[in-house]
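Heads up: the structure comes next, in C-alpha cells.
Side chains are part of it too, since the values below use all heavy atoms of this structure and drop only hydrogens, waters and symmetry mates. All values derive from a computational prediction rather than experimental measurement. Within every chain, numbering begins at 1; the chains are lettered A, B, ... in the order of the sequence lines, protein sequences first and strands thereafter.
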Number of protein chains: 2
Amino acid sequence: MPMTRRIHKRDKLMAPGTETSHGGAGIRKAGAHAIDPLLFRLGNFMELAEADQLQFRESIVREVRVGKGKDVICENERPDYVHIVIDGWACRYKYLADGRRAILGYLIPGDVCDVHIALLDHMDHAVSTLTPASFALISRETVNHIFENNISLAYALFWASLVEESVQREWFVNNTGRPADKRLAHLLCELQMRHRAAGLTRTNCIDFPLVQQDLADAMGITVVHTNRVMQKLRSDGLISYDNKLLTILDWEGLKAFGDFDPRYMHLSEETLNL
Amino acid sequence: MPMTRRIHKRDKLMAPGTETSHGGAGIRKAGAHAIDPLLFRLGNFMELAEADQLQFRESIVREVRVGKGKDVICENERPDYVHIVIDGWACRYKYLADGRRAILGYLIPGDVCDVHIALLDHMDHAVSTLTPASFALISRETVNHIFENNISLAYALFWASLVEESVQREWFVNNTGRPADKRLAHLLCELQMRHRAAGLTRTNCIDFPLVQQDLADAMGITVVHTNRVMQKLRSDGLISYDNKLLTILDWEGLKAFGDFDPRYMHLSEETLNL
DNA sequence: CGCAGGTTTGAAATAGATCAACGCTGGTGG
DNA sequence: CCACCAGCGTTGATCTATTTCAAACCTGCG
C-alpha cells in the first residue's frame with residue numbers, strides 16, 4: 001500500500017480552446033470520427049440508430065489536445081464540459097493524506113471521464129493524462145438535454161456508467177483480494193479486453209505507454225514490487241513487453257492465473273469471441 | 001488479503017411472496033413508509049415533489065422479509081425486481097477463486113440493491129443479508145417506465161447510482177491505500193455518515209450488528225487482524241462497541257485518523273452539519 | 001557528454017497472515 | 001435446569017509478502 005510519495009505538481013490544464021488541435025489526435029481515416037471508439041463500445045449494449053449517432057457526434061463542441069501529466073479535471077471542481085477520451089491514456093486519481101497518488105482507473109479512447117457532473121455538483125476525484133491525449137468536449141447543458149429528450153442515448157450513457165461501476169467493483173476485488181502477481185495479471189487482461197471492446201485492437205498486443213509507477217499507483221504496491229512482479233509474468237511466458245508494446249503471449253494462462261472472468265465488463269458475445 | 005475461507009452455503013432466498021410480511025420490518029410510525037430512508041436520502045440531492053414521492057411509493061409491488069445470511073440476488077442472474085432495503089443490513093459480495101468472500105459494499109435501509117438490472121442483463125455480483133432484513137420490490141418494467149416518463153425520479157435514481165459509484169471508489173482507495181487501522185476508522189466514519197444521511201440516527205451511535213468476519217471481508221484482512229485493529233481504536237478512545245451498538249466517542253479524532261473527508265458522499269449541507 | 005527518468009538488483013525491516021488454542025455467551029435438547 | 005455445543009471474540013507465536021532503503025544501470029535526449 002505505498003505508491004508515489006513524490007507529489008506531482010498539478011499542472012493545470014489551460015482553459016479549453018487555448019490549446020485546441022485537430023489532427024494532433026492522429027491520422028483519422030476518411031469518414032472516421034473522434035468518438036468512434038465510444039460508439040463502438042456502446043455497440044456492446046445496443047445498436048444506436050444513425051440519427052442518434054449523428055446527434056451524439058454533433059453534440060461535440062470542440063476537441064482539445066493536452067500534454068502528458070496534465071490535470072484535465074480537478075477534484076472538487078465542476079467542469080462545464082463532459083470529456084470523452086479520443087486518443088491517449090488518462091487516469092482517475094486521488095491523493096492520499098501522505099501525498100501518494102492512488103489511481104482509481106485508467107481511461108482509454110472511448111471512455112467518458114465525467115458524466116458525473118450532469119448531476120453531481122463537484123468531482124470527487126481528479127483526472128489527468130498519462131500520455132499526451134485528446135478529448136472531445138460536450139457541454140453540460142447538452143448532456144442534460146440528451147437525458148431529457150433522447151431516451152436511447154440516455155440509456156446508452158447510463159449503461160456506460162453502470163459498466164464503469166462494475167469495473168470499479170472488480171478493481172476493488174482485485175486489489176483487496178489478490179496478491180500482487182495475480183493482481184497485475186488481472187489488470188492486464190482487463191486492459192486487453194477494453195482495447196478490444198473499443199475497437200482499438202484485434203490482436204493480442206496493445207499499445208502500452210504506462211510506466212511502472214503508473215501501474216504501481218493503481219495496484220497499491222511499490223514500483224519495486226511492480227517491477228519484480230512484472231518480471232515474473234514475463235519469465236513465466238505469459239506476457240512480453242517491449243518498446244511500449246504489450247503482448248499477451250498466453251491469454252488462457254494469464255486469464256487463469258489472474259482469475260479473470262470478463263463477465264463483469266458486460267460485453268457482447270461478439271466482443272468476447274475475438 | 002485473506003477473508004473467509006469457509007464457503008457459506010448459498011441458501012437461496014425463497015421465491016418472493018412466499019415469505020411476505022409487513023410489521024416484521026418493525027413498528028412503523030403512522031404515516032411512515034417503507035422507503036422513507038430512501039426518500040430522506042434523496043433529499044440530499046433534490047426535494048422530490050409530493051406527486052413524485054407518491055408515484056415512487058406506489059411503484060412498490062410488495063415487501064419481503066428474509067432471514068440472516070440469505071442470498072437475495074445471485075451473481076449472473078437477472079432479478080425481475082429492483083430491491084430497496086427497508087430494514088436490516090445486507091452486502092454486495094463476490095467469491096474469490098479460493099472461496100473467500102469479498103464484500104464490495106454494505107447496504108443499509110434506503111439503499112437500492114440493483115438498479116443495474118434496468119439495463120444490464122446479468123448481475124456481476126451477489127447480494128445477501130447480514131442480518132434479518134426486509135426489502136421493497138419494484139418491478140423492472142416499472143423502473144423502466146420511471147426512466148422514460150418521470151425525469152425527476154429518473155435523475156434521482158441516476159444520482160443515487162453515481163453516489164454509489166463514488167463510494168465504491170473511496171472503498172477502493174481505502175483498501176488499496178491505507179493500513180488496516182486507518183482503513184477501519186474510515187469505514188466506521190462512513191457508516192456513521194450514511195446512517196445520518198438516511199435519517200437513521202441523529203446521535204453518535206448506530207446499531208451495529210456486523211460480526212468481525214463481516215468487517216474483515218470488506219477490508220480484505222483476516223478476522224484476527226480485524227480484532228486487533230478494533231481493539232486499538234477502542235483503546236485509543238476513538239470508539240466503543242458494546243452489545244451491537246457502536247458509539248463514536250471522538251468523531252474528530254476518528255475522522256482525522258482515518259483521513260475521512262465526507263465530500264465523496266455528496267451529501268447536503270444539512271446532513272453534514274448534524 | 002551528461003543527465004533525467006525509468007528500470008533493475010540486493011539486503012534488511014515490518015505489517016499483516018497463518019496456525020493453534022482458549023474463553024465467553026446464548027441457545028438447544030435431554 | 002444443567003450440559004453441551006456453535007459461533008464469536010481474543011491471545012500468542014511464527015511465518016511471509018511486500019516495503020523500505022540504497023545503489024547501479026540503461027537509454028533517449030538536450
Distance test, side-chain N/O of [X] to OP1/OP2 of [N], below 4.0 Å:
{"X": "B:Q213", "N": "D:dG9", "result": "no"}
{"X": "B:T222", "N": "C:dG16", "result": "no"}
{"X": "B:Q212", "N": "D:dG7", "result": "no"}
{"X": "A:R178", "N": "D:dA17", "result": "no"}
{"X": "A:N227", "N": "C:dT8", "result": "yes"}

Taking [atom1] from [X] and [atom2] from [N], how many angstroms apart are they, rounded to a whole number?
{"X": "B:D98", "N": "C:dA17", "atom1": "CG", "atom2": "P", "result": "13 Å"}
{"X": "B:N243", "N": "D:dG9", "atom1": "CG", "atom2": "P", "result": "13 Å"}
{"X": "A:L130", "N": "C:dG6", "atom1": "CG", "atom2": "C1'", "result": "15 Å"}
{"X": "A:L96", "N": "D:dT19", "atom1": "CG", "atom2": "P", "result": "14 Å"}
{"X": "A:D214", "N": "C:dT7", "atom1": "CG", "atom2": "C1'", "result": "14 Å"}
{"X": "B:N175", "N": "C:dA15", "atom1": "CG", "atom2": "C1'", "result": "15 Å"}
{"X": "B:D217", "N": "C:dA17", "atom1": "CG", "atom2": "P", "result": "12 Å"}
{"X": "B:L246", "N": "D:dG9", "atom1": "CG", "atom2": "P", "result": "13 Å"}

At a cut-off of 3.5 Å, list every protein nitrogen or oxygen paired with a nitrogen or oxygen from nucleotides 10-12 of chain C, distance to 0.1 Å.
{"from": "C:dG10", "atom 1": "N7", "to": "A:R228", "atom 2": "NH1", "distance (Å)": "3.3"}
{"from": "C:dG10", "atom 1": "O6", "to": "A:R228", "atom 2": "NH2", "distance (Å)": "3.4"}
{"from": "C:dA11", "atom 1": "N6", "to": "A:R228", "atom 2": "NH2", "distance (Å)": "3.1"}

Hey, is [X] close enough to [Y] for a salt bridge, meaning N to O under 4.0 Å?
{"X": "B:D124", "Y": "A:R169", "value": "yes"}
{"X": "A:D242", "Y": "A:R234", "value": "no"}
{"X": "B:R228", "Y": "B:D181", "value": "no"}
{"X": "A:K255", "Y": "A:D250", "value": "no"}
{"X": "A:R41", "Y": "A:D111", "value": "yes"}
{"X": "B:E164", "Y": "B:R92", "value": "yes"}

Test item: side-chain donor near acceptor, [X] and [Y], under 3.5 Å:
{"X": "B:H125", "Y": "A:E170", "value": "no"}
{"X": "B:D214", "Y": "B:Y93", "value": "no"}
{"X": "B:W171", "Y": "B:E190", "value": "yes"}

(message) Testing B:F208, B:Y106, B:W89 one by one against B:H195 for a ring pair (Phe, Tyr, Trp, His ring centres under 6.0 Å), which residue passes?
(response)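 The option that passes is B:W89.
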(request) For the side chain of B:I221, starting at C-beta, report the closest nucleotide among C:dG6, D:dT11, C:dA17. (result)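 Among the listed nucleotides, the one closest to the side chain of B:I221 is C:dA17.
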(request) Return the nearest nucleotide to the side chain of A:K68; candidates are D:dC8, C:dT8, C:dG6. (result)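 The answer is C:dG6.
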(request) Quick one, give me the B/S/- string for nucleotides 25-30 of chain D, reading 5' to 3', where B means a protein heavy atom under 4.0 Å from the base and S means that only happens at the primed atoms, P, OP1 or OP2. (result) ------
